[in-house]
Amino acid sequence: MKRDYPPLWIGALLVFLAVVWRMMGAPLTGAEWADVKTPLWQARVLTPSRMERIFLLWMPGERAVGADTLMEGDDPDGAELVRRNSTDQIKLKVHTAGGIATMPLESYVCGVVAAEMPASYHLEALKAQAVAARTRAVCQKESGGCRSYPGADICDDSGCCQGYASMTECREKWGDETEFYRQRIIGAVEETMGWIMTYEGEPITVMYHAMSGGKTEDAAAVFSQPLPYLVSVESRGEEGARGFFTETTFTYEQMAAAVNGSIPGMDVSADELRRSFSITEYTDSGRVRQVSMGDALVEASSLRKALGLRSTWFSIASDGEGVTFQQRGYGHGVGMSQVGANSMAASGSTCGQILLHYYPGVKIGLRE
């Protein structure tokens, strides 16, 4: 009697998939599964990138480049991911730990994208980050430069300007996958070469953050400056991201020490906080605008900085010992949400669609 064995091709397919699974760095043992650091929500973004890397390993060859491609050049210390050999592009004076260095705009943008956004994100999200970073640099150069470092157009402090990663820092961060991720970033910068965002003909003031928590914030609520393209918009698809919801607990003694040491003029005791700490006002997006601490009303943005909270979108649960902050999202919430941009890109949105969603009313492209 003939047995109905599965066709041979099914067995071969399963073996092939198992090999690909392992080559992508996917876990096999229980211990490996426990160590997985990549959330499932990001798997659909990482899989195409990993597959691309596998095919490049199987079919090595020269990467096709055009005449205007970013290339490595006269950078003996490896400070820049790339140096574009062009005499007609903008040069920036960038303040880093080593002092002020002059570098081409596009080389600088590569370093910003490497520092500010995970290189595993979708290509369209990386492209959106490249345009945002380039716009920030151009706007700042034309409006007086870095406020913290006179003589520099921009610095590598993300709290002041934008982060910037050197080639050495990228090697430390990416390890064996350095060249793979480097090429992804170069591709994102190449495909948006020269593009900036403008409003009424001028480069816009760019803000972006890691994760909005589901809705971005209006610039006026955080920086007291209303801008027509930095308004609150929905940011869907972030819910499954790691860190979307977080909790942080402080004793009243810890809170008092932190706010007194960080907020000018504050002198509040632990007992006063125990009696008075509460939320007094919210912004239209649902974030906390102001809290009561003793006899003072404190801006939530100042409290966030003092305590190192992930965002001002929080609720509180308190008892006789301290306060637990139940936070949503990560960052000030204004402008483009990077996690939201990645989610939009994974759902089929282009770089332009992402930017127009988070910066409504702007124009994107080469400056006229």
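Treat the numbers as computed from the prediction; the structure is a model and nothing was measured.
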If you define the side chain from C-beta out and look only at heavy atoms, does anything of [X] sit under 4.5 Å from [Y]?
X: Ile186; Y: Glu190; value: yes
X: Phe245; Y: Arg328; value: yes
X: Met344; Y: Tyr358; value: yes
X: Lys215; Y: Val233; value: no
X: Val131; Y: Cys351; value: yes
X: Met197; Y: Lys363; value: no

Indicate whether any N or O donor in one side chain lies under 3.5 Å from an N or O acceptor in the other, for [X] and [Y].
X: Gln327; Y: Thr248; value: yes
X: Ser143; Y: Gln140; value: no
X: Gln162; Y: Tyr108; value: yes
X: Ser158; Y: Glu116; value: no
X: Ser285; Y: Glu217; value: yes

Check: With no hydrogens and no angle check, is any side-chain donor or acceptor of Asn260 less than 3.5 Å from a backbone partner on Ala256?
Finding: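 Yes, Asn260 side chain to Ala256 backbone: donor-acceptor pair under 3.5 Å.
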Which heavy-atom pair separates [X] from [Y] by the least distance, and what is that distance?
X: Val206; Y: Arg136; answer: O-NH1, 3.6 Å
X: Trp195; Y: Leu366; answer: CD1-CD2, 3.9 Å
X: Pro360; Y: Val231; answer: CG-CG2, 3.8 Å
X: Gly320; Y: Arg274; answer: O-NE, 2.9 Å
X: Arg134; Y: Leu105; answer: CG-CD2, 3.8 Å
X: Ala114; Y: Ala165; answer: CB-CB, 4.2 Å

Notebook entry, point to check: Under the side-chain hydrogen bond (donor to acceptor under 3.5 Å, both in side chains) rule, what pairs show up with a residue in residues 303-319, not counting sequence neighbours?
Noted result: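 Pairs touching residues 303-319 that pass the test: Ser315-Gln326.
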Next item on the list: Could you go through the side-chain contact (heavy atoms from CB on, under 4.5 Å) check for Glu124 and Ser349 one step at a time?
Entry: CA-CA 8 Å; Glu124 293 300 313; Ser349 296; over 6 Å; no
Tell me, yes or no, whether the heavy-atom count around [X] atom [atom1], taken from other residues, nucleotides or ligands under 6.0 Å, exceeds 12.
X: Asp271; atom1: CG; result: yes
X: Arg367; atom1: CZ; result: yes
X: Glu239; atom1: CD; result: yes
X: Tyr208; atom1: OH; result: yes

Check: If you measure from OG1 on Thr350 to CG on Leu123, what distance do you get to the nearest 0.5 Å?
Finding: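 It comes to 11.5 Å.
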Note to self: Using 0.5 Å steps for rounding, measure from the CG atom of Leu92 to the CG atom of Asp153.
What the structure shows: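 Separation between the atoms: 5.5 Å.
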Item checked: His332 vs Arg287, side-chain contact (heavy atoms from CB on, under 4.5 Å): CA-CA, chis, key distance, verdict -> CA-CA 10 Å; His332 51 60; Arg287 292 169 171 82; over 6 Å; no
Next item on the list: Answer with yes or no whether the hydrophobic clustering places Ile100 together with Val112; edges join I, L, V, M, F, W, Y residues whose side-chain heavy atoms lie under 4.5 Å apart.
Entry: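 The answer is no; the residues belong to distinct hydrophobic clusters.
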Item checked: Co-membership, hydrophobic cluster, residues Met103 and Tyr149, 4.5 Å side-chain ->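 Different clusters.
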Notebook entry, point to check: How does the hydrophobic cluster around Val323 look, that is, which other residues are in it when side-chain heavy atoms under 4.5 Å mark a link?
Noted result: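 Direct or chained contacts put Val323 with Phe250, Tyr252, Met255, Val259, Ile263, Met266, Val268, Leu273, Phe277, Ile279, Tyr282, Val288, Val291, Met293, Val298, Leu303, Leu307, Leu309, Phe314, Ile316, Phe325.
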Note to self: Under 4.5 Å side-chain heavy-atom separation, chaining through any Ile, Leu, Val, Met, Phe, Trp or Tyr, what else clusters with Leu297? Say none if it is isolated.
What the structure shows: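 Hydrophobic cluster check, Leu297: no partners found.
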Next item on the list: Can you label the angle between the Tyr229 ring and the Tyr199 ring as parallel, tilted or perpendicular, going by 30° and 60°?
Entry: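 Plane angle between 30° and 60°, so tilted.
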Margin query: Between Ser235 and Glu238, does the side-chain contact (heavy atoms from CB on, under 4.5 Å) criterion hold? Intermediate values first, please.
Written below: CA-CA 7 Å; Ser235 186; Glu238 300 183 7; 2.4 Å; yes
Next item on the list: Test side-chain contact (heavy atoms from CB on, under 4.5 Å) on Leu230 and Phe223 and set out the steps.
Entry: CA-CA 11 Å; Leu230 288 178; Phe223 303 107; over 6 Å; no
